[in-house]
Peer 1: 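Okay, handing you the structure first.
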Number of protein chains: 2
Amino acid sequence: MRQNIFRQFLEERGQRLTKERNAVLQKAFSCKGHFDPESLYMEMRKKGVKASRASVYRTLNLLYECGLVEKVRQTEHGTIYEHSLGGQHHDHMICLECGEIIEFYSERLEKLQEEICQERNFKGTNHTLEIRGYCRHCQTKITVPEGDGSHG
Amino acid sequence: MRQNIFRQFLEERGQRLTKERNAVLQKAFSCKGHFDPESLYMEMRKKGVKASRASVYRTLNLLYECGLVEKVRQTEHGTIYEHSLGGQHHDHMICLECGEIIEFYSERLEKLQEEICQERNFKGTNHTLEIRGYCRHCQTKITVPEGDGSHG
DNA sequence: ATAAATGCAAATCGTTTGCAACGGA
DNA sequence: TCCGTTGCAAACGATTTGCATTTAT
């Protein structure tokens, strides 16, 4: 269970699993998909869970260090996280029109990346793939700027 | 030539290719690999090229908008760019030990991504793949810290 | 002449940090 | 009790922006 993972991680470093840290942990794992520190903090406030913004940031860093959360991507407006337990590794498609983030997973893709790493003598531990473009809904909405029909 | 691309882009928007903008353009393209706004600015200063930090940022944004530079990745310490002309599209491997960034390109990978997009009805326009791990040099150096069995 | 661009410094904004008060082992 | 932790607010650092001045066209 993640609490134990976190607790053990902290103990190894002589740190404690406080209620604030636990609250952040729970909240982070309650998120279905992605989240950012600020909304996490705000939601905690809304629900009356006491933890300062500073503690949220501090705890998120700890969770990141022990691998319980991942940084999905860093935008100009901050870091987006997601928790990394139970959920299979996956990559993302991001719609440039509506901002939707679509998660996907491809075994072939994973395999291919391993091959590529081997070929280059690189020991890959993890990766992030972000495909930008237009989701099925927005493709139709778009008034294609320049003629299409066939694309390379 | 990139100057013309930039000039035309600007003209279409009723903007001008000033010497400051041109200086940033030249400097950006003089960079072999990646660069960040601050170092670009500092190097320009060092060489006596007059352009304020603000102009560097403003111009970089313009260059980004017209596709002459790409954002390679956003770190906690800022945005890393690279110019995108002449150079084929490529992805990156990042060594967690020494920080080296290795560029690579795989036709198979590109193809596979297209397939994945088609399968999901997503119209991909571009992507970023970042494989993190250890480069050939650092693999050997690593004294596996507390390497215990499980890793994600 | 006119509209755009510049430089500067102040403003933003996400995130971190110093410090005094606090609290669990 | 002893440290680690918290919350606050100030500090930070990258980037943006308001504005008066400068500069192309």
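Note that the coordinates shown come from a computational prediction; the quantities given were computed from them, not determined experimentally. Letters A, B, ... mirror the listed sequences (proteins, then strands); counts begin at 1.
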Peer 1: Can you tell me if B:Tyr57 touches the phosphate of D:dT15, counting only side-chain N or O atoms and a distance under 4.0 Å to OP1 or OP2?
Peer 2: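 For B:Tyr57, the contact criterion (side-chain N or O under 4.0 Å from OP1 or OP2 of D:dT15) is met.
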Peer 1: Please evaluate the base of D:dC3 for a donor-acceptor partner in the side chain of A:Arg16 within a cut-off of under 3.5 Å?
Peer 2: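 It does, because a donor-acceptor pair links the side chain of A:Arg16 to the base of D:dC3 below 3.5 Å.
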Peer 1: Between B:Glu65 (CD) and D:dT16 (P), how many Å, whole number?
Peer 2: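 Taking CD of B:Glu65 and P of D:dT16, I get 11 Å after rounding.
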Peer 1: Would you indicate whether B:Arg45, at its atom CZ, is surrounded by more than 12 heavy atoms from other residues, nucleotides or ligands within a distance under 6.0 Å?
Peer 2: no
Peer 1: Within less than 4.0 Å of OP1 or OP2 of C:dT15, is there a side-chain N or O belonging to A:Thr79?
Peer 2: yes
Peer 1: Where do B:Glu20 and B:Arg58 land on the salt bridge (charged side-chain N to carboxylate O under 4.0 Å, His left out) test, with the steps shown first?
Peer 2: CA-CA 10 Å; B:Glu20 285 86 355; B:Arg58 283 191 274 233; over 6 Å; no
Peer 1: Given C:dG24, C:dA5, D:dG7, identify the nucleotide with an atom nearest to the side chain of A:Lys50.
Peer 2: D:dG7
Peer 1: Looking across every strand, which nucleic acid part, if any, lies under 4.0 Å from B:Asn61 by heavy atom: base, sugar-phosphate, or nothing?
Peer 2: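 Contact class for B:Asn61: sugar-phosphate only.
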Peer 1: It should be established whether B:Ser52 places a side-chain nitrogen or oxygen under 4.0 Å from OP1 or OP2 of nucleotide C:dC8.
Peer 2: no
Peer 1: Counting only side-chain heavy atoms from C-beta out, which of D:dT15, C:dT6, D:dA24 sits nearest to B:Lys19?
Peer 2: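 Nearest nucleotide to the side chain: D:dA24.
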Peer 1: Please figure out whether B:Arg53 or B:Arg7 has its closest DNA chain D nucleotide nearer the 5' end.
Peer 2: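 That would be B:Arg53.
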Peer 1: Do B:Arg58 side-chain and C:dG7 base share a donor-acceptor contact under 3.5 Å?
Peer 2: yes
Peer 1: On the nucleotide C:dT6, are OP1 or OP2 found under 4.0 Å from the side-chain N or O atoms that B:Arg21 carries?
Peer 2: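 Yes, because at least one side-chain N or O of B:Arg21 sits under 4.0 Å from OP1 or OP2 of C:dT6.
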Peer 1: Checking contacts here: which listed nucleotide (D:dT17, C:dT16, D:dT6) is nearest the side-chain heavy atoms of B:Ala54?
Peer 2: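 In terms of side-chain proximity for B:Ala54, the closest of D:dT17, C:dT16, D:dT6 is D:dT17.
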Peer 1: Expressed in angstrom and rounded to an integer, what is the separation of B:Gln15 atom CD from D:dT23 atom C1'?
Peer 2: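 Going from CD in B:Gln15 over to C1' in D:dT23 covers 15 Å.
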Peer 1: Should the ring pair B:His89 and B:His127 be called parallel, tilted or perpendicular, given that the plane angle runs from 0 to 90° and is split at 30 and 60?
Peer 2: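 B:His89 and B:His127: perpendicular rings.
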Peer 1: With a 4.0 Å cutoff (strictly under), does any side-chain N or O of B:Thr18 reach OP1 or OP2 of C:dA4?
Peer 2: no
Peer 1: Do B:Asn22 and B:Gln26 meet the criterion of a side-chain donor-acceptor pair at a distance under 3.5 Å?
Peer 2: yes
Peer 1: Report yes if the distance between the aromatic ring centroids of B:His34 and B:His83 is under 6.0 Å, otherwise no.
Peer 2: no
Peer 1: How do B:Gly14 and B:Arg45 order along DNA chain C: which one's closest nucleotide is nearer the 5' end?
Peer 2: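 On the 5' side of the pair lies B:Gly14.
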